[in-house]
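Working notes, structure below.
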Amino acid sequence: MKKLMALCLMAVLSLQVAACGVDKNAWMEEGKEKIGATLDCGQFVVDGEVRSFPSSISDWTNNGWHVSNNYENKDTFQLESDIISNQFELFNDENDSEYVYMYAINLGKESAKIEDCTTNEVKMKLSNNGLDPQVVLPGGITCNSTKEDIIAAYGEPETTDEYSLYYSYTNQDGLIIDVEIRVISTNPDQVVYTISDKNWGYVGNAEDCVTFIDEALKTSFYGDFAGYVEKNFDTEENAQALYDMEVEYYADALMYYLAIDYETVDEGIADGFRDVARKVLAKFKWDAPVVNLEEGSSLGSFDLTMYPTDFLDIILEEAQAVADSGQEGDEYAQSMLEAISPKVDEISYKDAVTETYDVDLDDGVVSSDDWDAIDDVLMDLAE
């Protein structure tokens, strides 16, 4: 009996030794081998699976994760184009104690469900407590790493604060990605990947507002959008569309002012009025906006001094002569175009008009209604 008990004891001890021999941190080394050594590889490992940033939310929801049930209307909600969502959680399908925080951005042209949008930000805990996801960053950085390990892997951070190291890189699609690694005590406990605001022409202070407003006006009225595009306020395609829209708006307004039906007029004549519109818009003048925005605030205002042209006044005599001629239809429209076109060279300016408009950094900086009001002042269409 004593011999049997001894054998059983040896078996138990063998099992304990075998259990103790299991490397609980093996996932860290395994994860390190799956991705690159530097942040710009654009990947990290979560529970053994390689994840890319940014990616479609569906890359997560089709592979072991689901959107929190606390997210309102998650099954029917549609995110508008170019809009960033509220923060939500993705939970592990098999272990609801595991979750990551996310923001989504809709980079498409049409509204889309959250799962069909792109990860604008992902925030993950770094731990080895058996409850949180097992996260491995490029270069093998994990919850067991130190601040010195992070700097050795990624270099000196661009900025730091009391707890965090901040890095950024440009990915293969040309997007600037911001990475914040929070270090509490000696080890990292959280990482946040974000598509940088700088990709969208970030406007964060009064100086940025001055630049944005001035570049938007030059784009709208001069078709000069090099600075607008360079600062990522919009794409070249959209900037061109903005200018074309202003030309069309002024040309239609001018024809309406002259009693021409711009919807039925001959297209060649309409093109002539667009040429006049381009020349008039090129004469528009304004002073640099004066922005009132307290540091750290997203709400403020700006004063804009504008110089309306007198074009609508100086064409009156010629326009009246055509109106009295008895001509109709396209003949009338062509005669009107020929009468007013030379007057562009005589343009001067009315008294300056200074107006105050709102600034909201969280909602497009300047509202559509205020842009329309600025248009009407410069075009001398304001009542």
Notebook entry, point to check: Is Asp275 salt-bridged to Arg278, going by a charged N under 4.0 Å from an acidic O?
Noted result: yes

Next item on the list: Decide yes or no on salt bridge (Lys or Arg N to Asp or Glu O under 4.0 Å) for Lys198 and Asp178, but give the supporting numbers first.
Entry: CA-CA 10 Å; Lys198 295 176 182 176; Asp178 292 331; 5.7 Å; no

Notebook entry, point to check: Does Asp116 use its side chain to pair, donor to acceptor, with the backbone of Ala112 at less than 3.5 Å?
Noted result: no

Next item on the list: Answer yes if the side chains of Asp132 and Asn129 hold a donor-acceptor pair under 3.5 Å, and no otherwise.
Entry: yes

Notebook entry, point to check: At what distance, to the nearest 0.5 angstrom, does SG of Cys143 lie from CD1 of Ile184?
Noted result: 14.0 Å

Note to self: Angle between ring planes, Tyr307 versus Tyr349, binned at 30° and 60°: parallel, tilted or perpendicular?
What the structure shows: perpendicular

Check: Would you say Phe221 and Lys283 make side-chain contact, with heavy atoms under 4.5 Å?
Finding: no

Note to self: Can a donor-acceptor pair be found, under 3.5 Å and without considering hydrogens, that links the side chain of Ser68 to the backbone of Glu89?
What the structure shows: no

Next item on the list: Report yes or no: do Asp369 and Ser367 form a side-chain donor-acceptor pair below 3.5 Å?
Entry: no

Item checked: Distance-only donor-acceptor check, side chains Tyr166 and Asp161, under 3.5 Å -> yes

Next item on the list: Decide whether Val353 and Ile374 are clustered together by the hydrophobic rule: side chain heavy atoms of Ile, Leu, Val, Met, Phe, Trp, Tyr closer than 4.5 Å, transitively.
Entry: yes

Notebook entry, point to check: Taking atom types as modelled and ignoring hydrogens, do the side chains of Asn95 and Ser97 form a donor-acceptor contact shorter than 3.5 angstrom?
Noted result: yes

Checklist line | Under 3.5 Å: donor-acceptor pair, side chain of Asp173, backbone of Leu175 | finding: no

Checklist line | Enclosure of Glu328 CD (heavy-atom neighbours >12, cutoff 6.0 Å) | finding: no

Margin query: Tell me if a side-chain donor or acceptor on Tyr154 pairs with a main-chain N or O of Pro138 at a distance below 3.5 Å.
Written below: yes

Check: Would you find a donor on one side and an acceptor on the other, under 3.5 Å apart, between the side chain of Asn187 and the backbone of Ser145?
Finding: yes

Notebook entry, point to check: What's the shortest heavy-atom distance between Ser81 and Lys109, and which atoms?
Noted result: CB-O, 3.7 Å

Notebook entry, point to check: In Å, rounded to the nearest 0.5 Å, how long is the span from CG of Leu281 to CD of Glu246?
Noted result: 6.5 Å

Check: Out of curiosity, does Val45 fall in the hydrophobic cluster containing Ile181 (side-chain heavy atoms, cut-off under 4.5 Å, transitive links)?
Finding: no

Notebook entry, point to check: Rounded to the nearest 0.5 Å, how far does OH of Tyr103 lie from NZ of Lys123?
Noted result: 6.5 Å

Notebook entry, point to check: Regarding Ser111 and Glu80, is there a side-chain donor-to-acceptor distance under 3.5 Å anywhere?
Noted result: yes

Check: Which class fits the ring pair Phe53 and Tyr193: parallel under 30°, tilted 30 to 60°, perpendicular over 60°?
Finding: tilted

Next item on the list: Please report the shortest heavy-atom distance between Asp149 and Ile141, naming the atom on each side.
Entry: O-CD1, 3.7 Å

Checklist line | Straight-line distance of Asp82 CG to Trp200 CH2, nearest 0.5 Å | finding: 8.0 Å

Check: Looking only at atom types and distance, does a side-chain atom of Thr235 sit under 3.5 Å from a main-chain N or O of Asn238, one as donor and one as acceptor?
Finding: yes

Check: Would you say the side-chain atoms of Asn199 and Ser196 include a donor-acceptor pair closer than 3.5 Å?
Finding: no

Margin query: Surrounding NZ of Lys279 (heavy atoms of other residues, nucleotides or ligands, distance under 6.0 Å), is the total greater than 12?
Written below: no

Check: Does Asp189 pair with Arg182 as a salt bridge, N-O distance under 4.0 Å?
Finding: yes

Next item on the list: Give a yes or no on whether Ile35 and Val122 share a hydrophobic cluster (residues Ile, Leu, Val, Met, Phe, Trp, Tyr; joining criterion: side-chain heavy atoms under 4.5 Å apart).
Entry: no

Next item on the list: Show the numbers, then the answer: is there a ring pair (Phe, Tyr, Trp, His ring centres under 6.0 Å) between Tyr222 and Trp286?
Entry: CA-CA 12 Å; Tyr222 302 162; Trp286 59 89; 5.2 Å; yes

Check: Cut-off 3.5 Å, side chains only: do Glu236 and Gln240 have a donor facing an acceptor?
Finding: no

Margin query: For the backbone of Met28 and the side chain of Asn25, can you confirm whether one donor and one acceptor N or O come within less than 3.5 Å of each other?
Written below: no

Next item on the list: Give me the ring orientation class for Tyr99 and Phe91: parallel if the planes are under 30° apart, tilted from 30 to 60°, perpendicular past 60°.
Entry: tilted

Margin query: For Glu121 and Thr194, which I'm curious about, is there any donor-acceptor pair between the side chains at under 3.5 Å?
Written below: yes

Notebook entry, point to check: For residues Asp358 and Ser301, is any side-chain donor paired with an opposing acceptor at under 3.5 Å?
Noted result: no

Checklist line | Any side-chain heavy-atom pair of Ser164 and Val183 under 4.5 Å | finding: no

Note to self: Once you measure the plane-to-plane angle for Phe212 and Trp371, does it fall in the parallel (<30°), tilted (30-60°) or perpendicular (>60°) bin?
What the structure shows: perpendicular

